[in-house]
Peer 1: 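Just passing along the structure, written as structure tokens.
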Amino acid sequence: MEPSPAAGGSETTRLVSPRDGGGAGGSLRLKSLFTEPSEPVPEESKPVEIPFHHCHRDPLPPLGLTPERLHARRQLYAACAVCFVFMAGEVVGGYLAHSLAIMTDAAHLLADVGSMMGSLFSLWLSTRPATRTMTFGWHRSETLGALASVVSLWMVTGILLYLAFVRLLHSDYHIEGGAMLLTASIAVCANLLMAFVLHQAGPPHSHGSRGAEYAPLEEGPEEPLPLGNTSVRAAFVHVLGDLLQSFGVLAASILIYFKPQYKAADPISTFLFSICALGSTAPTLRDVLRILMEGTPRNVGFEPVRDTLLSVPGVRATHELHLWALTLTYHVASAHLAIDSTADPEAVLAEASSRLYSRFGFSSCTLQVEQYQPEMAQCLRCREPPQA
């Protein structure tokens, strides 16, 4: 750009454009753009709405919580309220009955209340927009909330297991069978109600009985797979563990009510069903660790994604293929596509992105297109990773 003198001593701007050619030797012409004295110079250009671009699934990112997360928040609000009310009732009933098993169930409900409140906080935090520091946003706070929920349950259960062991060694305690039976019955009802509130229906698309096998979706602009909110799932697993323990406590309370000499059933039930509650957190912990370790999404396989990219016309090879998940429902993919010299890079990019979005439900795909070179076959960095 260079200044050009104009009338009145003012200057205008000359723009050099490669489309303004036409002289001998293909030289570029310089066009002078003069501003008429009668036309006011705009202080600031108005924002222009950019049309839909091929590399974006949506014109603008969605604001606030998605419908799936709004539903998860409603579930957590309702379950947290029910859990808090019945937890207070169990604390009173366990104190009156002198029952460690009832107090164990109340402690588990307290851990559930804390984990649900943490999950609600993580859901709110995940709505914050992405920044230059957090370029993916705050979605993974949901996974961290689920991890905190599992760890808190393990800590409370460890303390109660220790108290149950002490009671088995020393029999200096008394159990009020009637109060224990009433409180245990109420606890079973409370856990059934919370399990109903937190229950999540399965996804409309089949991905295998355990979610590990791949089944392609229908072609089209599908949304990410609704595999369920991680925080709600963790809370549901906690409630199932508490429900199992509540049935055990109810059975122990019936035994103690009719046979007070078998009061050892109280610490024994605490010991046994606390171990079951710990085991019930294994699936959630496995998924959380898989996400935090940047593992492949559990319903997406490496080979199907690779084969899908290789099936795009013009693609000769793929390398640097990475698949990971920010949450159970937010999946990300990136890859390098080596194409023929005759292939159209824009067409290959659009087709490959469309197939990944529609067949696997990825939330974000980053693909780099480059020309295929024969030496790529011997490149160590271009080789596929081995099996785990």
Peer 1: Examine distances only and state if a side-chain atom of Ser354 and a backbone atom of Glu351 form a donor-acceptor pair shorter than 3.5 Å.
Peer 2: no

Peer 1: Could you pull out the closest heavy-atom pair between Ser364 and Tyr330, with the gap in Å?
Peer 2: CB-OH, 4.4 Å

Peer 1: Can you see which heavy atom on Ser269 is nearest to which on Gly248, and at what distance?
Peer 2: CB-O, 4.2 Å

Peer 1: Do Arg290 and Thr296 get their side chains close enough for a donor-acceptor pair, meaning under 3.5 Å?
Peer 2: no

Peer 1: Kindly compute the distance separating OG (Ser311) from CZ (Arg359), expressed to the nearest 0.5 Å.
Peer 2: 5.5 Å

Peer 1: If only atom types and distance count, is the side chain of Ser353 paired as donor or acceptor with the main-chain N or O of Ala350 below 3.5 Å?
Peer 2: no

Peer 1: Hey, what do you get for CD1 (Ile186) to CG (Asn191), rounding to the nearest 0.5 Å?
Peer 2: 12.0 Å

Peer 1: What's the spacing between Ile256 CD1 and Leu181 CG if we round to 0.5 Å?
Peer 2: 10.0 Å

Peer 1: Which atom pair, heavy atoms only, marks the closest approach of Val197 to Ala78?
Peer 2: CG1-CB, 3.7 Å

Peer 1: With a 4.5 Å cut-off on side-chain heavy atoms, are Ile159 and Met155 touching?
Peer 2: no

Peer 1: Any donor-acceptor pair under 3.5 Å linking the side chain of Asp340 with the backbone of Thr342?
Peer 2: no

Peer 1: Should Leu309 and Leu337 count as side-chain neighbours, where that means a heavy-atom distance under 4.5 Å?
Peer 2: yes

Peer 1: May I have the step-by-step check of side chain to side chain contact (heavy atoms under 4.5 Å, CB included) for Met194 and Leu243, ending in yes or no?
Peer 2: CA-CA 9 Å; Met194 285 191 295; Leu243 179 60; over 6 Å; no

Peer 1: Hydrophobic cluster membership, with links at side-chain heavy-atom distances under 4.5 Å among I/L/V/M/F/W/Y: are Leu250 and Leu192 in one?
Peer 2: yes

Peer 1: Do Val369 and Tyr372 belong together in a cluster built from hydrophobic side chains that touch within less than 4.5 Å?
Peer 2: no

Peer 1: Is the shortest heavy-atom distance from the side chain of Ser363 to the side chain of Val332 under 4.5 Å?
Peer 2: no

Peer 1: Check whether any side-chain heavy atom of Arg316 sits under 4.5 Å from a side-chain heavy atom of Ile339, and report yes or no.
Peer 2: no

Peer 1: Rounded to the nearest 0.5 Å, what separation is found between the CZ atom of Phe271 and the OH atom of Tyr162?
Peer 2: 14.0 Å

Peer 1: Could you measure the distance from the CG atom of Asp307 to the CZ atom of Phe302? Nearest 0.5 Å is fine.
Peer 2: 9.5 Å

Peer 1: Between Arg140 and Glu294, is there a side-chain N and carboxylate O pair less than 4.0 Å apart?
Peer 2: yes

Peer 1: Phe360 versus Arg355: any side-chain heavy-atom pair under 4.5 Å?
Peer 2: no

Peer 1: Does any non-hydrogen side-chain atom of Val288 lie less than 4.5 Å from one of Leu292?
Peer 2: yes

Peer 1: Rounded to the nearest 0.5 Å, what separation is found between the CE atom of Met180 and the CG atom of Leu96?
Peer 2: 13.5 Å

Peer 1: Is a donor from one side chain sitting under 3.5 angstrom from an acceptor on the other, for His319 and Gln368?
Peer 2: no

Peer 1: List the atom of Leu356, the atom of Phe362, and the distance in Å for their closest heavy-atom pair.
Peer 2: O-CD1, 3.5 Å

